[in-house]
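Written out below as structure tokens is the structure these notes cover.
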Amino acid sequence: MQSFYVFGKNIEKNEEIKEKFIENGFTYDKTNPELIICYGGDGTFLIAERMYPSIPKILIKGSEISNKGIDMDIEKIVQKYKSKEFSIDEIKKLKAHSYSKFGEGELTGVNDIVIRNTLPTEAIRFRLKANGKEINKELIGDGIVIATAYGSRAYFYSITKEKFEKGIGIAFSNLTQHHDFILLEELDKIEVEITRGLAVMVADNNRNFINLEEGDKIIIEQTEQVAKRIIFW
């Protein structure tokens, strides 16, 4: 039977899930699991994906604010999984590669890549290109959110109040001049250049970040890596 690991902050609930899967013949393995059960909010899935990339994951709703977790009895989840009553949603990730005089850096996101001002009191200036073509002249504001379709229901939505099902979305945060969000094709390559000010780049809820300054460039594009989320019928 398949090996699994339970990921989440609620130790008591984790044990309950663990025992139920073991009772049904699964093997518990933290090091090399074939299946991850995430119990918590939507962010739990993102953390688990960074720690166990591309391993199929079941996200069980453990928070009232979770929009993507399933609210289902654990025994029912186990039986549906054993009966193969599910599909796997493959979520393409975004990779951001930064270039500066201090070196290069890279971050990968399931939801989004965010570039924003380091100091809340100071806007940044930046240029934006898609496939080598400048989208607009120098932009001034707090920053930019570049999201996957999966991530369009997260930070992207909080800015735009819009969602999308395919492609890469770009939303702008507090620009001095209004700019509608942009929807690009999945394989488009995005380039951002910081032309003035100090900025920081993050991915999803990852606490690791990359500092940026004037002259730094970032290339953002879809990767072949996928996050695998199990959807029950």
Side-chain angles (χ1 to χ4, degrees), residues 1-94 108-112 145 147-158 160-169 186 203-207 222-233:
M1 185 61 75
Q2 218 174 18
S3 61
F4 76 101
Y5 177 62
V6 183
F7 185 89
K9 294 181 180 179
N10 189 322
I11 297 175
E12 183 178 337
K13 195 68 178 182
N14 289 354
E15 283 299 313
E16 179 186 343
I17 296 169
K18 176 182 173 181
E19 290 175 8
K20 186 63 66 176
F21 272 80
I22 291 175
E23 286 173 8
N24 281 272
F26 290 81
T27 303
Y28 196 70
D29 185 351
K30 182 178 180 178
T31 306
N32 294 299
E34 299 169 281
L35 172 69
I36 303 289
I37 296 94
C38 305
Y39 181 82
D42 298 342
T44 303
F45 173 74
L46 301 177
I47 299 171
E49 181 59 26
R50 286 198 295 277
M51 295 180 67
Y52 298 93
S54 299
I55 295 175
K57 296 173 180 66
I58 299 171
L59 176 53
I60 301 175
K61 187 181 181 73
S63 168
E64 290 300 320
I65 61 173
S66 173
N67 295 314
K68 296 167 182 175
I70 56 173
D71 191 5
M72 188 184 297
D73 180 75
I74 297 171
E75 178 64 32
K76 188 174 182 179
I77 289 172
V78 175
Q79 296 309 319
K80 277 184 169 289
Y81 185 79
K82 289 176 67 175
S83 301
K84 300 188 184 302
E85 297 178 45
F86 64 86
S87 58
I88 297 180
D89 178 25
E90 294 194 344
I91 306 162
K92 288 286 183 69
K93 303 178 186 181
L94 291 174
T108 301
V110 175
N111 268 358
D112 47 41
V145 177
T148 64
Y150 182 83
S152 71
R153 291 154 177 77
Y155 191 18
F156 179 92
Y157 180 79
S158 71
T160 66
K161 306 307 178 197
E162 299 281 351
K163 305 173 185 177
F164 57 92
E165 299 300 325
K166 187 177 180 181
I168 300 173
E186 288 184 350
D204 295 339
N205 57 354
N206 191 345
R207 292 187 178 183
Q222 191 180 81
T223 74
E224 290 302 315
Q225 299 177 28
V226 294
K228 299 178 181 179
R229 185 170 64 120
I230 291 174
I231 307 296
F232 291 106
W233 302 332

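All residue numbers refer to positions in the sequence shown, counting from 1. The shown structure was predicted, so the numbers you read here are calculated from the model rather than taken from an experiment.
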Rounded at 0.5 Å granularity, tell me how far CD1 in Ile37 sits from CZ in Phe7. 12.5 Å

Counting N and O atoms only, with roles assigned by atom type, does the side chain of Thr148 sit under 3.5 Å from a partner on the main chain of Asn111, one being a donor and the other an acceptor? yes

What residues form a ring pair (Phe, Tyr, Trp, His ring centres under 6.0 Å) with Phe164, not counting sequence neighbours? Phe156

Can you list everything that forms a side chain to side chain donor-acceptor pair (under 3.5 Å) with Gln2? Sequence neighbours excluded, please. Tyr81

Suppose the criterion is ring-ring contact (aromatic ring centres under 6.0 Å, His included): which pairs have a residue in residues 48-72, not counting sequence neighbours? Tyr5-Tyr52

How about Glu23: does its CD atom have over 12 heavy atoms from other parts shown lying under 6.0 Å from it? yes

Could you list all the side-chain hydrogen bond (donor to acceptor under 3.5 Å, both in side chains) pairs where at least one residue sits in residues 31-48, not counting sequence neighbours? Ser3-Glu34, Asp42-Ser66

Would you mind checking if Lys166 and Glu186 are paired as a salt bridge, meaning a charged N to carboxylate O distance below 4.0 Å? no

Applying side-chain contact (heavy atoms from CB on, under 4.5 Å) to Ala227 and not counting sequence neighbours gives Phe45, Glu49, Ile91, Lys93, Val110

Atom NZ of Lys80 and atom CD1 of Ile70: how far apart are they, to the nearest 0.5 Å? 9.5 Å

side-chain contact (heavy atoms from CB on, under 4.5 Å), that's the test. Do Val6 and Phe21 meet it? Break it down for me. CA-CA 10 Å; Val6 183; Phe21 272 80; 5.9 Å; no

Lys/Arg cation over aromatic Phe86: Lys84, 6.0 Å, 45° cone: no

Within the side chain of Arg229, is there an N or O that forms a donor-acceptor pair under 3.5 Å with the backbone of Lys68? yes

State which residues pass side-chain contact (heavy atoms from CB on, under 4.5 Å) with Arg50; sequence neighbours excluded, sorted by chain then number. Leu46, Ile47, Asp204, Asn205, Asn206

